[in-house]
Every structure is written in structure tokens, then in C-alpha cells.
Amino acid sequence: VGVVTIAGLAPSTDYPTTPNAFRFVRSPGVDAVVITQFDPSLSTLRYSTWFWGASSYGTDWPFAVDIASDGDIVLGLNALSNSRFSPTPGAYQPVHGSASNAGSSDFAFARLDPLQSPSAQLVFATFVGGSNGDGPRAIPHSMDVLADDSIVFCGATQSPNYPLTPNAYSSQVPPLPEFSAVLSIL
């Protein structure tokens with residue numbers, strides 16, 4: 001039995017963090033994303049950190065958390081267009097796809113190594129999305145980290161330019177406001 005890892009939103013400013021936290025201080029905003037890891041018995045806090053805060057349009061929120069083969073924490077987020085989420089250098093998509101579309105969302109993913117010093121914990125972070133709303137809102141959503149550490153996720157898009165592979169099952173996006181499901185492997 002392994003560790004128990006949770007991600008969520010915390011409105012308080014005194015959420016517990018551990019000495020090895022990625023961030024010790026809550027970002028400004030109504031709610032902020034937190035990641036917490038307990039030992040298997042839920043009696044010891046192994047890792048706890050603030051991650052990112054709210055945007056002026058609302059709150060970025062986690063929709064999934066999983067553990068990579070090496071113990072890194074992988075987080076799936078719904079990130080709004082003016083999110084404080086910061087992709088890492090070399091990110092698949094370094095800029096929010098709907099940055100000019102106020103309040104729209106993209107998928108966002110981050111991988112943290114809690115065994116590193118706080119400044120080195122963010123292994124990667126990227127957006128995934130197009131020019132309109134993308135993300136897990138309104139339909140069931142999921143994320144899984146495979147044995148080879150690829151990230152598989154599903155959600156929805158309203159973006160006609162959502163990034164697709166040449167061999168995609170379908171490249172058609174229904175007219176707004178309908179959603180279509182997407183499945184991607186990073």
C-alpha cells in the first residue's frame with residue numbers, strides 16, 4: 001500500500017505545509033490549489049504545499065492527481081485564461097490557448113518531485129488547449145499516468161484549433177455550445 005495523495009482548493013491562509021514545500025505561502029485570490037501527501041495510515045503528513053492561486057476570473061482547480069513511476073506527483077488542472085500557472089521552459093504549450101478569451105479555460109499539467117529542494121521541484125508544467133474553452137468542466141473527466149509516465153486525460157473542448165495528432169479519430173468540433181470529448185497522451 002502506497003502513500004495517499006490529494007489535491008484540492010483551500011480558501012484559508014493557514015493550510016499546513018511541510019518544510020520541503022514547493023510554496024510555503026498562499027497565492028493571492030479566493031482559493032488556492034494545494035497538494036498534500038500522507039503516509040498509508042493517514043497519520044503522518046509526508047508532503048504538503050501550496051501550488052497556484054486564483055486568477056481574476058475565478059479559481060484554477062485541480063481535477064486529478066496521480067503518482068509517476070519514480071514517485072513524482074502529477075497534477076491535472078483546469079486553468080483559466082489569466083491563470084497564475086507558469087509553464088516550464090520547453091513546455092509543450094507555454095502560453096494559454098485562449099489567453100485573449102476572458103474566463104476561458106485550458107487543461108494544465110504539472111509534475112512535482114517532492115524530494116528536490118523547493119526551487120527544483122517543478123519538473124514540468126504545460127498548458128494544453130485551443131482558442132476557446134477546454135478542460136474538464138461539464139463532463140466526466142479523468143487523468144492517468146501510465147507505466148511509461150505518459151499522461152492520458154479526457155475532458156472537453158469548444159476549440160476548433162485544439163491540438164490534434166494526424167491520426168485522430170475525429171477532427172470535427174461541434175458548434176458552440178456543445179462539447180466533444182478529447183483524449184490525449186502527453
Side-chain angles (χ1 to χ4, degrees), residues 4-18 21-38 45 47-68 72-88 91-112 114 121-145 151-159 162-163 177 179-184 186:
V4 177
T5 306
I6 59 172
L9 297 175
S12 68
T13 56
D14 61 349
Y15 192 85
T17 58
T18 52
F22 173 62
R23 293 209 167 143
F24 298 98
V25 180
R26 181 181 184 274
S27 297
V30 177
D31 292 321
V33 175
V34 292
I35 303 166
T36 301
Q37 194 170 70
F38 295 92
L45 192 63
Y47 178 75
S48 190
T49 188
W50 292 102
F51 188 65
W52 253 274
S55 70
S56 60
Y57 297 118
T59 301
D60 296 344
W61 51 273
F63 67 87
V65 64
D66 203 355
I67 304 300
D72 287 359
I73 299 168
V74 180
L75 183 66
L77 294 153
N78 180 58
L80 295 174
S81 58
N82 67 337
S83 173
R84 290 185 175 92
F85 182 82
S86 294
T88 51
Y92 166 74
Q93 186 176 323
V95 177
H96 197 287
S98 54
S100 62
N101 193 355
S104 288
S105 61
D106 269 2
F107 290 101
F109 298 92
R111 182 173 175 152
L112 289 165
Q121 285 184 15
L122 189 59
V123 177
F124 79 76
T126 189
F127 290 112
V128 179
S131 58
N132 289 337
D134 308 300
R137 299 183 152 182
I139 69 163
H141 48 278
S142 176
M143 178 192 80
D144 192 22
V145 178
I151 299 171
V152 178
F153 64 98
C154 65
T157 184
Q158 293 178 328
S159 297
Y162 185 86
F179 279 90
S180 61
V182 294
L183 175 67
S184 299
L186 288 179

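We number each residue from 1, following the sequence as shown. Note that the structure is predicted; figures quoted are calculated from it, not measured.
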Closest non-hydrogen atom pair between F85 and A125, with its separation: CZ-CB, 3.5 Å
Nearest heavy atoms of L75 and V65, plus distance in Å: CD1-CB, 4.3 Å
Side chain to side chain contact (heavy atoms under 4.5 Å, CB included) between L112 and L122, intermediate numbers included: CA-CA 5 Å; L112 289 165; L122 189 59; 3.9 Å; yes
Closest approach of F63 to N78 (non-hydrogen atoms, all atoms of both residues): CD2-N, 4.0 Å
Residues forming a side chain to side chain donor-acceptor pair (under 3.5 Å) with T36, sequence neighbours excluded: Y15, S48
D106 (side chain) donor-acceptor with H96 (main chain) under 3.5 angstrom: no
Check: Q37/T5 side-chain N/O donor and acceptor closer than 3.5 Å: yes
Backbone of S159 reached by a side-chain donor or acceptor of S131 within 3.5 Å: no
Shortest non-hydrogen separation from A108 to F127 and the atoms involved: CB-CD2, 4.1 Å
Ring centers of F153, F109 separated by less than 6.0 Å: yes
With sequence neighbours excluded, residues passing ring pair (Phe, Tyr, Trp, His ring centres under 6.0 Å) with F38: none
Pairwise distance CD1(I67) to CG(D72) - rounded to 0.5 angstrom: 8.5 Å
P62 side chain near L9 side chain, heavy-atom distance below 4.5 Å: yes
Expected output: side-chain R111 to main-chain V74 donor-acceptor under 3.5 Å: no
By side-chain contact (heavy atoms from CB on, under 4.5 Å) - contacts of D66 (at least two apart): M143, D144, V145
Interatomic spacing from OG1 in T126 to CD in Q93 - rounded to 0.5 Å: 6.0 Å
Test item: Y162 and V128 side chains (from C-beta on) under 4.5 Å apart, heavy atoms: yes
Validation row: I35, F22 side chains within 4.5 angstrom (heavy atoms): no
Shortest non-hydrogen separation from F124 to T88 and the atoms involved: CA-OG1, 3.4 Å
